[in-house]
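Before any comments, here is the structure.
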Amino acid sequence: SETDESGRLSVLGVINYMQDCSTLQSEDAQVGVGFLTRKNRAWMLSSWQIVIDRYPRLGEKLTVGTWPTAFKGIYGYRDFVLRDREGKDFVRAKSVWFLYDTEKNMPVRVQPEDTAPYGREEAPLILDAAPRKIPVPVQSEEREPVLIAGHHLDTNHHVNNAHYVDMAREALPHGLRIREIRADYKKGARLGDLIIPRAAQTEKDGWTVVLGSPGGEIYAVVWLRTEQEQ
């Protein structure tokens, strides 16, 4: 269920592993979904930068790791790795989250009690510098619309972050392997919303996919560095 047609971990699987790892860390620290719901709080993902050097095969043993690197204002910064049995990282990722008041529908500043259960901040990964904001192409091609169903939603009742990336992947021509992902999340789509993917090749090996509403609102912008599958 976590592999693609080649028998390797899928892009959706990569992101789900990382999201599940951070969720389980929060649950272990007693500040998970139930705790946040009682406090009318939620951590919302603002952006991803994911570098994929290799996709592991079915049955391969791996380790998923995550740690916080900083908390500033409303934001929390968290890094991730997927590591093989020899201790080599084959997926490295940086993410930016913000703390949200679900009762007032607004971001709120992170307080010491929000971060203390995660322990001390650790050194961030070194990845190529990448701007969080991804330019929207002037010209792009419309792809097949996606109607948001129940299986797309997370516990915040919005489309799960991983599904936006998977929609962007589906908007690319067949036969491309994704090596890097940058995602900039703008607005959460909900049950029954219609998402229109629009794709543009913005450089030799790079594609930008804008996931928006029929009226022009943007839910997410995803940039993908690709290579031709062998």
Side-chain angles (χ1 to χ4, degrees), residues 1-25 45-67 69 77-97 122 124-132 134 143-144 146 151-152 154 159-185 195 197 199-211 220-230:
S1 64
E2 298 167 336
T3 60
D4 60 18
E5 59 185 342
S6 72
R8 294 179 180 272
L9 184 62
S10 66
V11 171
L12 184 61
V14 167
I15 299 175
N16 281 338
Y17 276 12
M18 295 190 294
Q19 290 195 137
D20 288 350
C21 186
S22 63
T23 298
L24 292 172
Q25 184 191 34
L45 184 59
S46 178
S47 66
W48 272 121
Q49 182 186 7
I50 305 169
V51 177
I52 304 172
D53 296 324
R54 184 174 70 82
Y55 290 88
R57 292 186 178 277
L58 175 66
E60 186 174 336
K61 292 186 177 181
L62 56 90
T63 299
V64 186
T66 186
W67 63 93
T69 62
Y77 300 80
R78 176 180 285 279
D79 288 0
F80 296 84
V81 293
L82 271 63
R83 184 170 293 157
D84 64 21
R85 296 182 70 175
E86 284 70 47
K88 183 177 180 181
D89 298 338
F90 55 85
V91 175
R92 294 157 292 142
K94 305 178 79 66
S95 62
V96 181
W97 305 71
E122 300 184 36
L125 291 168
I126 305 300
L127 300 182
D128 289 342
R132 276 177 54 196
I134 304 168
R143 300 291 196 253
E144 190 71 21
V146 179
H151 71 272
H152 292 113
D154 59 19
V159 171
N160 184 275
N161 309 302
H163 284 300
Y164 292 108
V165 176
D166 208 44
M167 291 175 202
R169 180 193 61 79
E170 289 280 3
L172 300 186
H174 190 69
L176 296 178
R177 179 181 288 112
I178 294 170
R179 289 302 188 191
E180 185 174 356
I181 301 161
R182 298 207 319 266
D184 180 14
Y185 297 98
I195 292 184
Q201 188 168 8
T202 48
E203 50 212 91
K204 182 181 178 181
D205 60 352
W207 291 77
T208 299
V209 180
V210 179
L211 301 166
V221 184
V222 182
W223 177 86
L224 303 158
R225 177 167 59 84
T226 64
E227 65 180 18
Q228 200 70 38
E229 290 183 345
Q230 303 299 319

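Residues satisfying the ring-ring contact (aromatic ring centres under 6.0 Å, His included) test with W48, not counting sequence neighbours, are F80. For T66, the side-chain hydrogen bond (donor to acceptor under 3.5 Å, both in side chains) partners two or more places apart in sequence, or in a different chain, are R78. Residues meeting the ring-ring contact (aromatic ring centres under 6.0 Å, His included) test with Y77, sequence neighbours left out: none. Every residue two or more places apart in sequence or in another chain was checked for a side-chain hydrogen bond (donor to acceptor under 3.5 Å, both in side chains) with S22, and none qualifies. Residues meeting the salt bridge (charged side-chain N to carboxylate O under 4.0 Å, His left out) test with D154, sequence neighbours left out: none.
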Using residues 167-178 as the side-chain source, report each donor-acceptor pair under 3.5 Å to any protein atom, sequence neighbours left out, with the distance given to one decimal.
residue : atom : partner : partner atom : Å
R169    : NE   : D166    : OD1          : 2.9
R169    : NH2  : D166    : OD1          : 3.2
R177    : NH1  : E227    : OE2          : 3.4

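Here the shortest heavy-atom pairing between F90 and R54 reads CD1-O, 3.3 Å. In this structure, V209 and P197 approach most closely via the heavy-atom pair CG1-CB, 4.3 Å. Considering all non-hydrogen atoms of both residues, V165 and Y185 come closest at CG2-OH, 3.8 Å. In this structure, Q19 and A162 approach most closely via the heavy-atom pair NE2-CB, 4.0 Å. When all heavy atoms of Q49 and E180 are compared, the closest pair comes out as NE2-OE2, 3.2 Å.
At least one side-chain heavy atom of I50 sits less than 4.5 Å from a side-chain heavy atom of M18. The closest side-chain heavy-atom distance from Y55 to D4 is not below 4.5 Å.
When atom types are taken as modelled, the side chain of D79 and the backbone of L125 share a donor-acceptor pair closer than 3.5 angstrom. Between the side chain of E2 and the main chain of N16, no donor-acceptor pair closer than 3.5 Å is present.
Here I52 contributes atom CD1 and I181 contributes atom CD1; the two are 4.0 Å apart, rounded to the nearest 0.5 Å. Separating the CZ atom in R57 from the OG1 atom in T3 is a distance of 11.5 Å, to the nearest 0.5 Å. Taken from CG in L45 to OH in Y164, the straight-line distance is 10.5 Å, to the nearest 0.5 Å. In this structure, the separation between CG on L224 and CZ on R182 is 10.0 Å, given to the nearest 0.5 Å.
With respect to R92 and D53, a salt bridge is recorded, a charged nitrogen being found less than 4.0 Å from a carboxylate O.
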Exercise for the section: Take V221 and T208 through the side chain to side chain contact (heavy atoms under 4.5 Å, CB included) test and state the conclusion after the steps. Expected result: CA-CA 7 Å; V221 184; T208 299; 3.8 Å; yes

